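Everything on this sheet refers to the single structure shown next.
Just so you know, ligand 1 is whichever comes first in the structure, and atom 1 is the first atom listed for that ligand. Everything quoted here is computed from the prediction, not taken from an experiment.
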Amino acid sequence: MARRAQFTTRLGVIAATVGSAVGLGNVWRFPYEAGVNGGGAFLLVYLLFILAIGIPVITAEFIIGRSARANVYGAFKRLPGSRAWNFIGLNGILAAILILSFYSVVAGWTAEYFLDSLTGFGGASSTAELHSRFGNFTASWKSVVWTLIFLGVNFFILRRGVQKGIERMSNMMMPLLFAILLLFAFNSLTLPSAAQGLEFLFTPDFSQLTPTVWLGAMGQAFFSLSIGLGCLITYSGYFKQQTKLLGTAVTTAGLDTLVAILSGIIIFPAVFSFGESPAAGPKLVFEVLPSIFQGMTLGRLWSPLFFLLLLLASLTSTISMAEIAIAYFSEERKMSRSSATALTIGICGVLGTLCALSFGPLGEFTICGMTIFNLFDFVSSTVLLPLGGIFISLYVGFVLKRSAVDAQLQGVPAAVVGAVLFCLRFVAPICITLIFLSGLGLF
Ligand code: PFF
């Protein structure tokens, strides 16, 4: 078999992994989920998930990926255990395709907003004007066109492969994104109602802790860390033997959480200062942020910069989702990299179009009360990712031999390995199952 590609430098590993984790999930999805689910209470539960489930599951995916050096389906064929574990691979590929489809719609919005901001949003400056502008745009065919253009760009990057495509892009984007988010966060803190915004985000109101908040926070943690679907199994197949898996897991989770919190610090002070509701949902970032940016010194500069960076952050995430399916098609179905990429992007093009149309002509079409867009988001983040998380945890916790785990976590003290395994064997599967069942109203 041909030698598999590898990331070349340590920075490349971190940039690609953090690049996958950091994206719309942090800047767009985290603030609106926190906004809808009570702010501080949501953040608290979210942090608990990152520590007790997120870091152990990232580590588990790394262990599987680097031991097997194969795509998410092939990994379980190569490693010990029954073939039933291959289900994790299929679950992951399905989740990746669903996420890539709806995610590309939002990434397309950021592309339009980047261009629109260059002309000052056609003169719209109040949140009311921006509100109707956003509504008109998302309901129009333009949104479908942007979805397809965005997927097309993914195609060209992905066709170039791991080092030239994925690693090179991530190295350039990630540092820039951090710098600009920090700058915006400082600016937001100077807004008149900053204190109210921070209080909303950082003061938990325990009466808000309903099963839906727990379920939402769990889905968000999985989505934001890119876990449960084998994205990190696929990427860690490209890690070198020297890469420190636990250290990389902690760095990834830490930086990802930092970006989510920074986004909250940017958005909530602004929401309160501009008299908006934090519970505005998916449009929050698109309607509120442009108004703040326009009020800042050098107002015309910030919106384009922000939306451009958000677009680039989305790209480093979408290429990682697509890579899950591409590695599967090329390694298991023996397709060339180009055909595997074309197939993956083609499927997502069709599904992404349906998601985009659910803000316009298909807006009335609902399944279980959800539009196609919301359904894809719900099924993937709230059902498939946690389900994948349970089985990935159980696999590393119970099926892989301790010696195989130790071989991948060399240099990590035995007590720490023991703690990670404890989380994988008991904490993660039990918590995920309970939250899942109670969130779905089953008990
Ligand atoms: N973690 C990404 C974000 O927060 O935007 C989304 C994502 C990327 C989910 C890759 C799943 C995945 F495989």
Side-chain angles (χ1 to χ4, degrees), residues 15-34 46 49-50 54 57-58 61-62 65 71-72 88-89 91-110 150 154 157-158 166 169-170 173-174 177 181 216-238 249 252-264 282 285 309-328 344 348 376-389 392:
T17 315
V18 177
S20 164
V22 172
L24 291 169
N26 308 62
V27 183
W28 162 75
R29 199 173 186 280
F30 173 82
Y32 92 68
E33 281 281 331
Y46 180 76
F49 284 131
I50 299 287
V57 175
I58 301 181
E61 291 208 14
F62 284 170
N71 63 87
V72 62
I88 298 177
N91 180 70
I93 294 161
L94 175 63
I97 288 177
L98 294 182
I99 298 179
L100 183 52
S101 304
F102 80 81
Y103 200 96
S104 300
V105 175
V106 185
W109 297 347
T110 61
F150 179 76
N154 274 268
I157 298 175
L158 282 159
I166 301 178
M169 243 212 45
S170 312
M173 304 313 165
M174 299 319 296
L177 182 74
L181 284 177
M218 181 169 77
Q220 175 61 22
F222 274 86
F223 186 86
S224 190
L225 294 176
S226 314
I227 52 178
L229 73 171
C231 175
L232 301 180
I233 293 181
T234 310
Y235 264 21
S236 53
Y238 307 134
T252 307
L255 291 176
D256 187 69
T257 308
L258 186 68
V259 175
I261 293 179
L262 274 179
S263 304
V285 168
L309 281 174
L310 195 50
L311 180 61
L312 299 176
S314 319
L315 253 183
T316 51
S317 296
T318 48
I319 54 182
S320 73
M321 294 165 208
E323 185 65 22
I324 302 172
I326 295 172
Y328 165 75
T344 306
C348 294
F376 278 27
D377 184 356
F378 179 81
V379 169
S380 55
S381 328
T382 324
V383 182
L384 301 181
L385 301 191
L387 202 62
I392 289 170

Please state which protein non-hydrogen atom is closest to atom 8 (C) of ligand 1 and give its distance, to 0.1 Å?
-> S226 OG, 3.3 Å
State whether the side chain of S381 and the backbone N or O of F378 hold a donor-acceptor pair below 3.5 Å, judged by distance alone.
-> no
Return the orientation label for the Y103 and F223 ring planes: parallel under 30°, perpendicular over 60°, tilted otherwise.
-> tilted
How would you list, by chain and number, every residue that makes a side-chain hydrogen bond (donor to acceptor under 3.5 Å, both in side chains) with S314, sequence neighbours excluded?
-> none
Proximity to ligand 1 by part of L229, non-hydrogen separation under 4.0 Å = side chain
Just say parallel, tilted or perpendicular for the rings of Y32 and W28, cut-offs at 30° and 60°.
-> perpendicular
State whether a side-chain donor-acceptor pair under 3.5 Å links D256 with S224.
-> yes
Give the residue and atom name of whichever protein heavy atom lies nearest to atom 2 (C) of ligand 1, and the separation in Å to one decimal.
-> S20 O, 3.2 Å
N or O pair under 3.5 Å between I324 and ligand 1 | no
Measure from the side-chain N and O atoms of S226 to the backbone N and O of S20, and report whether any donor-acceptor pair falls under 3.5 Å.
-> yes
For ligand 1, is there an N or O atom under 3.5 Å from any N or O atom of S320?
-> no
Decide whether the shortest distance between a heavy atom of Y103 and an atom of ligand 1 is less than 4.0 Å.
-> yes
Consider every N or O of F223 and every N or O of ligand 1, then say whether any pair is closer than 3.5 Å.
-> yes
Might you work through the side-chain contact (heavy atoms from CB on, under 4.5 Å) test for I93 and I324, ending with a clear yes or no?
-> CA-CA 6 Å; I93 294 161; I324 302 172; 4.2 Å; yes
Applying a 4.0 Å heavy-atom criterion (strictly less than), which segment of A21 is in contact with ligand 1: side chain, backbone, both, or neither?
-> backbone
Quick one: does G25 get an N or O within less than 3.5 Å of an N or O on ligand 1?
-> yes
